[in-house]
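Residue numbers start from 1 in every chain, and the chains themselves are labelled A, B, ... in the order their sequence lines are given, proteins ahead of strands.
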Amino acid sequence: MANQEYKRYTITSALPYANGPKHIGHLAGAYIPADVYVRHLRLQDKDVVFVCGSDEHGTAIPNQALKENTTPQAIIDKYHQLIKECFDKLGMSFDIYHRTSEQIHHQTSQEIFLTLYNKGLLNEETSEQYYDDEANVFLADRYIIGTCPKCGHPSAYGDQCEKCGTSLSPSELINPKSTLTGKVPVLKSTRHWYLPLENYEPWLREWILKSHEADWKSNVYGQCKSWIDAGLQSRAMTRDLDWGIKVPLPGAEGKVLYVWFDAPIGYISATRALFDEVSSGKLHYATPQRDFSQHKKDDWKKYWQDKETKLVHFIGKDNIVFHCIIFPIMLHATGEYIVPDNVPANEFMNLEGDKMSTSRGWSIEMHEYLHDFPDKPDVLRYALLTNLPEAKDSEFTWKDFQAKNNNELVAIFGNFVNRALVLTQKFFDNKVPVRSALQDIDKKVVSDLAEFPARISASIESYRFREATAHMMDLARMGNKYLAETEPWKVAKTDMDRVGTILNLALQIAANLSVMVEPFLPFSAAKLKAMLNFNGVRWNETGSADLLPERLELGHASLLFEKIEDDVIEAQIKKLHDTKTKMELEKQPVTPAKAEISFDEFSKMDIRIGKILKAERVEKSKKLLKLQVDTGIDVRTVMSGIAEHFAPEDIIGKQVTILVNLAPRKIMGVESQGMILMASDKDGTLRMLNPSADTSPGSVIS
RNA sequence: GGCGCGGUAGCUCAGGUGGUUAGAGCGUUGGAUUCAUAACCCAAAGGUCGGGGGUUCAACUCCCCCCCGCGCUACCA
């Protein structure tokens, strides 16, 4: 199965969610590896389509629109354009970069939904969900805000608390409120269509656990096994929302397809759109990277429904469950579609010691990089390729970026090419010299050269892109070594024929580089070809020492890469820290005011000054401290979720504010008799509230 | 708490099915060289492979326990 010969290839990169810019971690995860893979296939004249596009549905889009005070449409237009342009400038060679807001995608998604529905594979169920009866809408998880049950953060979202990271369901929130109107939402019954994933467990076991144990990456396989073993559950494929793809059923007004139902279908609709456009000749989203002129409108089906098609999804590890479990189940259940042959998900790339995050300002956004280094897309590609998070999270640092550029691209690759060209200019009037009899060292180089294409291919085909990149660079190393050993600049004093032979071979190596480097560094490959006055050859013709004809007049030599100085790198590091600081200040708006209460309600609370007498850690809890507090009234036990902010020994003797008449509650098996009040700063830091001067325990606060 | 993936030279990382002195790139040090963007080329130093047990003639590689990082998931409030 794994080594089957395929007739054609369908390659996808994760659809970026169009709610904001994307950073280099995304590039390293799902885009650059896919692009290398596809370019390598194209160089072999394989029948491949490479599709991607913007994911434009889901609740976060309207959410972002609210934040930016605009419409969802304006949001997706803005970010679709931004992301698309960045991909283009970075050389992502999609045959089409589509959008899920397009009509053809709505149609495709609805068709697949209906196929499943008509086969009776979707279960209709009614459940209770929060509803805002002032705005007259069901509230998506994201639109409900309340106190996090885990950390007490007062503005946790219904699906997740952004402070402690816990995923939640809206019913868990304390004091839930609609973010639209501030009203308390009410539970109301609603109808949805569920895909019973559990029915497909035997099939998944057979397909993934049995037939892909050997060829799927361990991180992907392990994650899938974990999900399957844990027991799959029915999952709602529809939502109450007015932004998205309408559920194509009577009586389903106001309901749309779940974004994770429609998003992966975006790969299919993009392929459809591609063939629509190339067959009609009217290109809009399509940017065909090869000749599609023989294709008909319906040919997209071959790429998704023919068993001789190899489907590969390139994604980041956060998408594994959707691409390996849910989407394949959908495809399989239709009875019409093929499932992926592989899903080589990457782990995450960290940045300068911390997780990358656009919202926290700790990231390198694609458009920012391109703005600061407009002529260096390949340098980023190289820096990411040599450090892809293929087996575990990896680390990007600016210093490393600089070193990769200066010590490898400039010193090894660029330098070799420059040496060969400059010597040819100097001794042979910039023409490929004639080759005479080969010595042993030349024969060795020729035979070594012949081994590179297969070696690089083997790495790429097994999704080992770092290794492939290293092989590629080894070819330039070989060139440098060959020059160092043959010393043509010395031989030139005695034997010009010999020099000609050496430089001819050096130029042949350079010509090979110009082709073999193309999947990795397409811009530099093109530049190098121009310098060699060389049109390039197919991948299968590389490894030959006869790519350039003798006496060929070479083009203009220029530097392929230039050094990046320290101050440029320091400026980037400073910018990174500045952005983070700025975001911290701007982010996390003050928690919205709570609903008005009466004086009576307020006076029900008995808040006093207390004094911590004892504090100890709670076993098996990261956050809890068990405190003994003198409340003036008594000494009582209070469990407090502050262990991540205070060391027990530091807070003994401190005065605190305590709510003493809160109903007791068992926490980690211990009864907590009150609540310590804390101020939570924007960055999440907790601070105690204590009186400005020593105050006796039991003093009432009012 | 459960599960998954990781924890290998100063740094970033490789090391199918266990087998002679554990690898690469970068960095460091020394040498050689000057065609080349002070680049290239050669060489050396550097690791008790997270910790502890066990299986085996033999373990980085298999098994068990523990610690740490990341992720998913649960409960917890």
Side-chain angles (χ1 to χ4, degrees), chain A residues 147-153 156 161 164-168 172-174 214-215 217-231 316-318 320-321 345 347-348 350 355 383 386-397 399-427 459 462 464 466-467 469-471 473-474 476-477 479-492 499 502-503 506 557-564 618 620-624 639-641 665-669 672 675:
Chain A
T147 302
C148 174
K150 189 153 186 169
C151 70
H153 183 53
C161 171
C164 66
T166 312
S167 23
L168 304 166
E172 292 177 281
L173 288 177
I174 302 165
D215 62 325
K217 292 169 63 167
S218 57
N219 58 337
V220 177
Y221 184 88
Q223 190 68 234
C224 291
K225 187 171 188 314
S226 172
W227 273 86
I228 296 169
D229 287 345
K317 68 174 165 185
D318 50 337
I320 289 175
V321 64
E347 302 284 300
F348 286 160
N350 294 324
K355 272 185 276 191
T386 49
N387 207 10
L388 291 177
E390 288 178 340
K392 57 183 173 188
D393 289 356
S394 70
E395 176 87 10
F396 180 98
T397 66
K399 285 242 189 293
D400 187 58
F401 169 83
Q402 180 190 27
K404 290 266 161 67
N405 180 75
N406 292 357
N407 304 330
E408 299 182 33
L409 291 177
V410 172
I412 296 170
F413 184 13
N415 186 37
F416 164 64
V417 169
N418 193 39
R419 297 171 83 181
L421 287 167
V422 167
L423 286 166
T424 304
Q425 267 172 22
K426 202 162 174 174
F427 297 126
S459 295
S462 48
R464 297 148 77 113
R466 304 167 62 122
E467 188 180 85
T469 310
H471 289 327
M473 194 53 81
D474 280 343
R477 282 199 176 86
N480 274 318
K481 189 169 173 174
Y482 178 65
L483 288 181
E485 285 171 352
T486 54
E487 300 183 304
W489 51 90
K490 270 190 186 169
V491 181
V499 176
I502 294 165
L503 289 184
S558 60
L559 295 180
L560 275 181
F561 303 97
E562 51 192 24
K563 287 203 140 203
I564 296 175
V618 177
K620 292 183 185 172
S621 169
K622 277 181 266 185
K623 293 180 180 150
L624 286 178
M639 301 291 275
S640 188
R665 186 151 207 167
K666 265 207 171 175
I667 302 174
M668 296 292 285
S672 178
M675 179 166 160

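Rounded to whole Å, the separation between the C1' atoms of C68(B) and A24(B) comes to 26 Å. Atom P of G69(B) sits at a distance of 49 Å from the matching atom of A32(B), rounded to the whole Å. Taking atom C1' in both A74(B) and U28(B), one finds a spacing of 49 Å when rounded to whole Å. Rounded to the nearest Å, the gap between the P atom of A36(B) and that of G30(B) is 26 Å. When the C1' atom is compared between G23(B) and A45(B), the two are found 16 Å apart, to the nearest whole Å. Straight-line distance between the P atoms of G18(B) and G27(B): roughly 37 Å, to the nearest whole Å. Spacing between U8(B) and U48(B) at atom C1', rounded to whole Å, works out to 12 Å. Separation of the P atoms belonging to G7(B) and G50(B) is 7 Å when rounded to the nearest angstrom.
You'll find that the side chain of E395(A) is closest to C13(B), out of C13(B), C35(B), C26(B). Checking C35(B), G7(B), G71(B) against the side-chain heavy atoms of K392(A) singles out G7(B) as nearest. Of the candidate nucleotides C26(B), C70(B), C42(B), C42(B) has the atom nearest to the side chain of K481(A). Out of C70(B), U12(B), C35(B), the shortest distance to the side chain of L423(A) is found at C35(B). For N418(A), the listed nucleotide lying nearest its side chain is U37(B); candidates were G7(B), C41(B), U37(B). The side chain of A484(A) approaches C41(B) more closely than any other nucleotide in the set U12(B), C41(B), U37(B).
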Item to check | Full working for side chain to side chain contact (heavy atoms under 4.5 Å, CB included) between L483(A) and I502(A) | outcome: CA-CA 8 Å; L483(A) 288 181; I502(A) 294 165; 4.2 Å; yes

Checklist entry - So N480(A) and N415(A), side chain to side chain contact (heavy atoms under 4.5 Å, CB included) or not? Walk me through it. => result CA-CA 8 Å; N480(A) 274 318; N415(A) 186 37; 4.3 Å; yes

Next on the checklist: Between S394(A) and L388(A), is the side chain to side chain contact (heavy atoms under 4.5 Å, CB included) condition met? List the steps.
Outcome noted: CA-CA 7 Å; S394(A) 70; L388(A) 291 177; over 6 Å; no

Item to check | I320(A)/W227(A) under side chain to side chain contact (heavy atoms under 4.5 Å, CB included): CA gap, chis, key distance, verdict | outcome: CA-CA 10 Å; I320(A) 289 175; W227(A) 273 86; over 6 Å; no

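Between T386(A) atom OG1 and E408(A) atom CD the span is 6.5 Å, to the nearest 0.5 Å. Between N405(A) atom CG and D400(A) atom CG the span is 11.0 Å, to the nearest 0.5 Å. Atom CD in E347(A) sits 4.0 Å away from atom NZ in K317(A) (nearest 0.5 Å).
Residue pairs satisfying the salt bridge (charged side-chain N to carboxylate O under 4.0 Å, His left out) criterion with at least one member in residues 412-422 of chain A, sequence neighbours excluded, are absent.
Contact annotation for K355(A): backbone-only contact, meaning every heavy-atom pair under 4.0 Å involves sugar-phosphate atoms and none involves a base. The residue K404(A) sits apart from the nucleic acid: no heavy atom pair falls under 4.0 Å. Contacts of N415(A) with the nucleic acid, taken as non-hydrogen atoms under 4.0 Å apart, include base atoms. Within the 4.0 angstrom heavy-atom criterion, no nucleotide atom of any strand lies near Y221(A). At the heavy-atom level, A214(A) lies nowhere under 4.0 Å from the strands shown. Residue contacts shown for V422(A) are limited to sugar-phosphate atoms, with no base heavy atom under 4.0 Å away. Here L560(A) lies in heavy-atom contact (under 4.0 Å) with a base. Note on E408(A): only backbone sugar-phosphate atoms sit closer than 4.0 angstrom, heavy atoms only; bases stay farther off. Here S394(A) lies in heavy-atom contact (under 4.0 Å) with sugar-phosphate atoms only.
Rounded to whole Å, the distance from CG on N480(A) to C1' on A38(B) is 15 Å. Rounded to a whole Å, the NZ atom of K317(A) is 14 Å from the P atom of G69(B). K426(A) places its NZ atom 12 Å from the P atom of U34(B), with the value rounded to the nearest Å. The distance between atom NZ of K490(A) and atom C1' of A36(B), rounded to the nearest whole Å, is 15 Å. Separating the CD atom of Q402(A) from the C1' atom of G25(B) is a distance of 16 Å, rounded to the nearest angstrom. For the pair F396(A) CZ and U12(B) C1', the interatomic distance rounds to 12 Å; values are reported in whole Å. At whole-Å resolution of the value, CD in Q223(A) and P in G2(B) are 17 Å apart. Here A24(B) presents its P atom at 18 Å from CG of N387(A), a figure rounded to the nearest Å.
Within 6.0 Å of atom CE in M675(A), 12 or fewer heavy atoms from other residues, nucleotides or ligands are found, so the atom counts as exposed in its surroundings. Annotation for E395(A): atom CD counts as buried by contact number, over 12 foreign heavy atoms lying within 6.0 Å.
Taking 4.0 angstrom as the limit, N407(A) places a side-chain polar atom (N or O) nearer than this to OP1 or OP2 of G27(B). K563(A) has a side-chain polar atom (N or O) that falls below the 4.0 Å cut-off from OP1 or OP2 of A39(B). Proximity of S218(A) to the phosphate of G6(B): a side-chain N or O atom is located under 4.0 Å from OP1 or OP2.
Anti is the glycosidic conformation of G15(B), whose angle departs from 0 by more than 90°.
A residue-by-residue look at D318(A) and L559(A) shows that L559(A) has its nearest nucleotide of RNA chain B further toward the 5' end.
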Checklist outcome for this item: Note, RNA chain B 5' to 3' with Watson-Crick or G-U pairs under 3.5 Å encoded as ( ), [ ], | and . gives (((((((..((((.....[...)))).((((.........)))).....(((((..]....))))))))))))....

